[in-house]
Protein chains: 2
Amino acid sequence: MERTYKRSRQRERILETLMQTTTHPTADWVYARLKPDFPDLSLGTVYRNLNILVEQDLVRRIDNGSSFDRYDARRDPHYHFVCEQCGKIIDLGIPVDTALEDRVSGETGLVIKRHKIDFFGLCQDCQTQSGIRPD
Amino acid sequence: MERTYKRSRQRERILETLMQTTTHPTADWVYARLKPDFPDLSLGTVYRNLNILVEQDLVRRIDNGSSFDRYDARRDPHYHFVCEQCGKIIDLGIPVDTALEDRVSGETGLVIKRHKIDFFGLCQDCQTQSGIRPD
DNA sequence: GTTCATGCAAATCGTTTGCACAATG
DNA sequence: CATTGTGCAAACGATTTGCATGAAC
């Protein structure tokens with residue numbers, strides 16, 4: 001049986017916050033961002049609501065290989081770039097290659113539902129400040 | 001200054017275990033696998049050695065989007081398929097597209113060092129037993 | 001009024017770490 | 001013998017959960 005949801009001011013603001021940024025924030029960042037407006041806000045609530053938003057398919061969870069989850073309110077398919085120096089995640093504009101899925105499917109017999117491409121390297125900011133590296 | 005390593009029977013067996021399988025095991029799996037041979041083995045040791053093997057570039061850590069890390073002793077570049085039903089990870093034979101990195105780099109000005117493609121869907125086993133789904 | 005959401009704190013769980021002792025070079 | 005590895009148990013850190021109270025419908 002279907003789960004039903006009731007509106008909550010906190011969840012609406014969490015979604016709004018995610019939609020207003022392109023930085024793919026962590027739960028903690030969202031929490032810190034909203035704390036001034038909701039002095040009693042707890043991290044548990046942020047996590048619970050992020051999970052609900054993901055269930056509702058209004059938000060995507062992206063695992064960037066680091067220890068925390070990041071969230072993205074952009075729902076159209078796109079690829080990501082992860083800066084290995086500062087951890088920033090950047091949305092890429094290159095078109096999504098749907099033929100790739102058919103190709104793998106045809107060659108392997110696997111049922112492919114989706115795919116993900118992540119690029120890793122240095123963002124513009126970190127290219128400039130490359131003197132930071134200790135060695 | 002460079003870190004130096006001393007040999008250890010445990011680490012050698014951990015690497016050997018990883019090389020003998022294609023299942024991209026978790027730390028826990030490796031631990032359970034070697035426990036009979038090393039009755040005093042501890043999970044901490046397995047984790048410490050996996051980290052060392054990754055530092056030595058003998059093993060790769062792959063983050064499959066689930067909660068635990070998996071490890072892969074295959075070092076040549078290749079893409080992965082993750083079964084959404086059973087969690088299995090399968091190595092794919094399709095060639096790695098290096099031109100893709102140049103293309104993104106050219107369009108964005110980002111320095112691209114590597115990229116990763118993961119496909120998600122149903123493996124052959126899970127396609128057959130699709131009656132498992134509750135709805 | 002029944003159901004879902006909140007805040008708080010405690011619990012969970014994969015992974016890391018401090019320490020005393022053993023193995024390596 | 002100086003350094004690195006081990007086992008054990010405690011610590012960590014991101015996320016989840018139980019519970020009593022509050023908001024939504």
Side-chain angles (χ1 to χ4, degrees), chain A residues 1-18 23-56 58-72 82 87 89, chain B residues 1-18 23-56 58-72 82 87 89:
Chain A
M1 114 189 133
E2 288 293 305
R3 189 198 193 301
T4 67
Y5 302 101
K6 287 177 177 167
R7 301 177 52 200
S8 94
R9 309 210 318 96
Q10 287 87 333
R11 183 156 66 247
E12 285 169 353
R13 292 295 306 280
I14 289 171
L15 177 55
E16 192 184 309
T17 303
L18 286 176
T23 61
H24 312 80
T26 60
D28 218 62
W29 188 93
V30 174
Y31 170 73
R33 186 74 187 258
L34 291 178
K35 187 71 174 173
D37 293 0
F38 297 89
D40 292 334
L41 185 65
S42 81
L43 244 183
T45 297
V46 174
Y47 276 109
R48 260 186 299 235
N49 279 311
L50 286 170
N51 284 334
I52 290 176
L53 291 169
V54 170
E55 283 171 30
Q56 295 176 328
L58 294 170
V59 161
R60 296 216 199 295
R61 197 193 321 272
I62 51 188
D63 65 81
N64 49 319
S66 99
S67 36
F68 1 68
D69 291 343
R70 293 180 169 273
Y71 296 87
D72 189 350
V82 181
I89 297 183
Chain B
M1 114 191 133
E2 288 293 305
R3 190 198 193 301
T4 67
Y5 301 101
K6 289 177 176 168
R7 301 177 52 199
S8 95
R9 310 210 320 94
Q10 287 88 335
R11 184 156 65 247
E12 286 169 352
R13 292 295 306 282
I14 289 171
L15 177 56
E16 192 184 309
T17 303
L18 285 176
T23 61
H24 312 81
T26 60
D28 218 63
W29 189 93
V30 174
Y31 169 72
R33 186 73 186 260
L34 291 178
K35 188 71 172 172
D37 293 0
F38 297 89
D40 292 335
L41 184 65
S42 81
L43 243 183
T45 296
V46 173
Y47 276 109
R48 259 185 300 235
N49 279 311
L50 286 170
N51 283 334
I52 290 175
L53 291 169
V54 169
E55 282 172 31
Q56 296 176 327
L58 294 171
V59 161
R60 296 216 199 297
R61 197 192 321 272
I62 52 188
D63 64 333
N64 49 319
S66 100
S67 36
F68 3 69
D69 291 342
R70 292 179 169 273
Y71 297 87
D72 189 351
V82 180
I89 296 183

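Heavy-atom basis, side chains included; hydrogens, waters and symmetry copies ignored. The sequence lines fix the lettering, A, B, ..., with proteins before strands; numbering per chain opens at 1.
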Does a nitrogen or oxygen in the side chain of [X] sit under 4.0 Å from OP1 or OP2 of [N]?
{"X": "Arg3(A)", "N": "dA5(C)", "result": "yes"}
{"X": "Ser8(B)", "N": "dA23(C)", "result": "no"}
{"X": "Gln10(A)", "N": "dG7(C)", "result": "yes"}
{"X": "Thr45(A)", "N": "dG7(C)", "result": "yes"}
{"X": "Thr4(A)", "N": "dC4(C)", "result": "yes"}
{"X": "Asn51(A)", "N": "dT15(D)", "result": "no"}

(message) Treating Arg11(A) as the side-chain partner and Asn49(A) as the backbone partner, does any N or O pair qualify as donor plus acceptor under 3.5 Å?
(response) no

(request) Could you tell me whether Asp69(A) contacts a base, only the sugar-phosphate backbone, or nothing, with contacts defined as non-hydrogen atoms closer than 4.0 Å? (result) sugar-phosphate

(message) Taking any heavy-atom pair under 4.0 Å as a contact, classify Tyr47(B): base, sugar-phosphate, or nothing.
(response) base

Choosing from [options], which nucleotide comes nearest the side chain of [X]?
{"X": "Arg48(B)", "options": "dT16(C), dG7(C), dC19(C)", "value": "dC19(C)"}
{"X": "Ala27(B)", "options": "dA5(C), dT15(C), dT6(C)", "value": "dT15(C)"}
{"X": "Leu41(B)", "options": "dG7(D), dG7(C), dA24(D)", "value": "dG7(D)"}
{"X": "Asp40(A)", "options": "dT6(C), dT16(C), dG7(C)", "value": "dG7(C)"}

(request) Between Tyr5(B) and Gly44(B), just flag the one whose closest nucleotide in DNA chain C comes earlier from the 5' side. (result) Gly44(B)

(request) Nearest whole angstrom, please: distance from the C1' of dA14(D) to the OH of Tyr71(A). (result) 10 Å

(message) I need the CZ-C1' distance between Arg9(A) and dA5(C), as an integer number of Å.
(response) 13 Å

(request) Hey, which sits more toward the 5' end of DNA chain D by its nearest nucleotide, Thr26(A) or Pro39(B)? (result) Pro39(B)

